[in-house]
Protein chains: 2
Amino acid sequence: MDSSIKKKRPRGRLSREMIEDAAFEVIEREGLAGFSMRKLAAELGCEAMSIYHHFPSQAHLHEALVDRLVGSLEMPDAGLPWRQRMRIAMHDFRRIGSEHPAFAPFLVTYRMNSPTCLAWLSGILGLFEAGGFGPELSARLFRTVGYYLMGAILDETSGYAKGPSAVTAVSDEQLALDFPNVAAAGRYFGAAEFDRTFDLGLDMLLDEMERALGGANSR
Amino acid sequence: MDSSIKKKRPRGRLSREMIEDAAFEVIEREGLAGFSMRKLAAELGCEAMSIYHHFPSQAHLHEALVDRLVGSLEMPDAGLPWRQRMRIAMHDFRRIGSEHPAFAPFLVTYRMNSPTCLAWLSGILGLFEAGGFGPELSARLFRTVGYYLMGAILDETSGYAKGPSAVTAVSDEQLALDFPNVAAAGRYFGAAEFDRTFDLGLDMLLDEMERALGGANSR
DNA sequence: AAATGAACCTTACAGTGTAAGTTGTCAAGC
DNA sequence: GCTTGACAACTTACACTGTAAGGTTCATTT
């Protein structure tokens with residue numbers, strides 16, 4: 001008898017969508033580094049090479065995953081005030097990161113050149129422009145909030161709060177002795193504080209942007 | 001005759017420092033993904049396993065590289081005004097990233113739990129505290145500028161400006177047709193604009209922080 | 001000179017991405 | 001029903017990875 005764990009599956013049943021779904025599962029279960037075509041195949045109940053019939057390489061597959069996530073985003077209702085739209089768009093992107101924490105580092109490191117990603121990028125730029133910023137400021141402010149957003153996702157999914165790294169660890173007692181202010185700050189570095197901290201920084205940036213926008217009429 | 005490329009090298013000449021130096025070179029030449037213990041050994045003129053005598057694993061080696069970079073940072077002169085010290089500290093960290101662009105993604109993804117990194121972290125927290133912020137705000141604002149800093153390093157070293165990703169690319173003509181605002185913004189996304197854009201965002205954050213600090217006496 | 005122990009090398013293994021070639025399966029036309 | 005063709009899936013193979021285990025060489029101390 002076949003003691004293989006793989007489930008039997010008829011041929012001709014693989015699709016890009018199925019593969020992507022399984023890839024998300026394997027990545028979240030095994031971690032981004034633990035992901036492999038063979039493990040993905042096992043999850044799908046097929047052989048590794050079958051996947052190459054649908055994706056020419058692992059890199060293509062990973063980029064398809066980014067497209068899948070970014071493509072699921074839609075621009076906030078144009079009827080809402082500028083600041084609210086920006087807040088929603090930022091929270092939306094942050095959400096697709098936190099929903100796939102193991103994949104998030106790839107998401108934020110990925111160069112967004114696919115049509116899907118460019119469309120999202122274009123939408124956000126348009127949001128700045130609709131808010132009243134010129135092309136240059138729109139571009140630079142997009143970068144500014146983008147930097148903040150990417151850094152936040154990175155930290156929230158794989159940063160300090162996720163525990164010590166694999167190799168060198170400092171015990172809590174030692175930490176409290178050597179770096180008491182870090183130990184104290186740790187209270188605010190945990191996952192429970194992510195939302196509040198994220199909003200604090202985001203609101204600081206949006207405040208400053210609104211100030212730049214309506215300098216004349218807000219004072 | 002031995003056609004091997006390896007340089008002959010006397011025994012007993014390997015050291016952690018030498019290995020780290022060579023690792024930085026290999027990583028920048030081959031990329032982070034292209035790095036391997038065997039390539040590093042070739043660079044050093046030794047065998048792969050010899051390296052394990054100085055570092056128990058590749059992960060330990062990579063973390064040592066982070067420590068090396070972060071350990072090279074020193075806190076800005078305490079005599080300077082708060083804002084200037086913060087600016088310098090941020091620019092210092094950004095610099096170690098841009099000096100090792102291929103390694104930067106690891107640097108910003110790394111969980112900073114080593115004593116060296118905790119010392120730096122503690123220094124920055126202390127900077128906030130010295131500026132007049134309480135423990136909670138110090139912690140949260142540290143995260144805020146940290147997010148921004150990490151995102152900036154990530155983008156500047158491996159983001160949009162580094163050209164299309166390996167697989168899906170959109171031609172410049174197509175980009176101009178489909179997403180004219182992105183094409184226009186690209187002008188401000190290049191490496192030549194990194195400094196200005198970084199300072200714009202950093203100054204926005206610092207402005208807002210100073211506002212929070214000296215609300216009473218600055219108005 | 002002998003011994004000791006660190007520093008380095010050799011070999012080996014399980015796992016990786018994927019190129020190349022082969023087989024199974026199902027639908028269309030006879 | 002049978003044949004044919006196309007293509008999805010599998011098999012095999014290769015070059016490469018990190019690193020465990022064990023063997024060798026050399027510098028230093030005695």
Side-chain angles (χ1 to χ4, degrees), chain A residues 2-23 26-27 29-65 102-103 105-106 110 165-168, chain B residues 2-23 26-27 29-65 102-103 105-106 110 165-168:
Chain A
D2 189 354
S3 72
S4 166
I5 302 162
K6 294 182 209 171
K7 348 165 182 176
K8 247 295 158 38
R9 216 183 34 72
R11 278 167 171 259
R13 299 285 160 132
L14 242 45
S15 72
R16 286 179 64 101
E17 197 184 359
M18 275 178 58
I19 295 172
E20 290 167 10
D21 287 342
V26 174
I27 288 173
R29 173 159 30 90
E30 310 277 339
L32 197 53
F35 174 86
S36 82
M37 298 303 265
R38 287 175 172 84
K39 285 179 189 167
L40 175 55
E43 174 79 19
L44 285 161
C46 71
E47 295 302 312
M49 291 313 290
S50 306
I51 298 162
Y52 285 82
H53 217 274
H54 302 264
F55 295 94
S57 78
Q58 192 182 76
H60 282 80
L61 171 55
H62 279 154
E63 298 208 359
L65 297 184
F103 185 64
F106 185 89
Y110 172 70
S165 59
V167 292
T168 42
Chain B
D2 192 353
S3 71
S4 166
I5 302 162
K6 291 184 210 171
K7 349 161 180 180
K8 248 293 159 39
R9 218 183 34 72
R11 276 166 172 264
R13 299 283 160 134
L14 242 42
S15 69
R16 286 178 63 101
E17 199 184 357
M18 278 179 56
I19 294 172
E20 290 167 10
D21 287 341
V26 173
I27 287 172
R29 173 159 29 89
E30 310 277 339
L32 197 53
F35 174 87
S36 81
M37 298 302 266
R38 287 176 173 84
K39 286 180 189 167
L40 174 57
E43 174 79 19
L44 285 162
C46 72
E47 296 302 313
M49 290 313 290
S50 306
I51 299 163
Y52 284 84
H53 215 279
H54 301 264
F55 295 94
S57 78
Q58 192 181 76
H60 282 81
L61 171 55
H62 279 153
E63 299 208 359
L65 298 184
F103 185 64
F106 185 89
Y110 173 71
S165 59
V167 291
T168 42

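The model shown is predicted, which means the values in this text are computed figures rather than measured ones. In what follows, chains carry the letters A, B, and so on, assigned in the order in which the sequence lines appear, proteins first and then strands, with residues in each chain numbered from 1.
Set against D/dT17, C/dA19, C/dA7, the side chain of B/Ser36 has D/dT17 as its closest nucleotide. Nearest to the side-chain atoms of B/His53 among the listed nucleotides D/dT19, C/dC8, D/dA9 stands C/dC8. For A/Ala48, counting side-chain heavy atoms from C-beta on, the closest listed nucleotide (C/dC8, C/dT18, C/dC9) is C/dT18. When each of C/dC9, D/dT17, C/dT18 is scored by its nearest atom to the side-chain atoms of A/Tyr52, the top-ranked nucleotide is C/dT18. The side chain of B/Glu47 lies closest to C/dT10 when the candidates are C/dT10, D/dT11, C/dG17.
Atom CZ in B/Arg16 sits about 16 Å away from atom C1' in C/dA6, given to the nearest Å. Here the P atom of nucleotide C/dT16 and the CG atom of A/Leu61 are 15 Å apart, to the nearest Å. The nearest whole Å value for the distance from the CZ atom in B/Phe55 to the P atom in D/dA20 is 16 Å. Rounded to whole Å, atom P of C/dC9 lies 10 Å from atom CG of B/Leu44. To the nearest angstrom, P of C/dA19 lies 7 Å from CE of A/Met49. A/Ile51 places its CD1 atom 16 Å from the C1' atom of C/dA19, with the value rounded to the nearest Å. The NZ atom of A/Lys39 sits 16 Å away from the P atom of C/dA14 (whole-angstrom rounding). With rounding to whole Å, B/Gln58 atom CD is found 14 Å from C/dT16 atom C1'.
Considering only side-chain N and O atoms, B/Ser50 lies nowhere under 4.0 angstrom from the phosphate OP1 or OP2 of C/dA7. In this structure, B/His54 reaches the C/dC8 phosphate: one of its side-chain N or O atoms is under 4.0 Å from OP1 or OP2.
Closest non-hydrogen pair, B/Ala23 versus B/Leu40, comes out as N-CD1, 3.4 Å. Closest non-hydrogen pair, A/Pro105 versus A/Ala102, comes out as CD-O, 3.4 Å. Here the shortest heavy-atom pairing between B/Leu44 and B/Met18 reads CD2-O, 3.8 Å.
Atom CD of B/Gln58 and atom CD of B/Glu63 lie 11.5 Å apart (nearest 0.5 Å).
Counting distance only, with no hydrogens placed and no angle test, the side-chain atoms of A/Arg38 and the base atoms of C/dG17 include a donor-acceptor pair under 3.5 Å.
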Criterion side chain to side chain donor-acceptor pair (under 3.5 Å) on A/Ser57 and A/His60, from CA distance to verdict: CA-CA 5 Å; A/Ser57 78; A/His60 282 80; 2.8 Å; yes
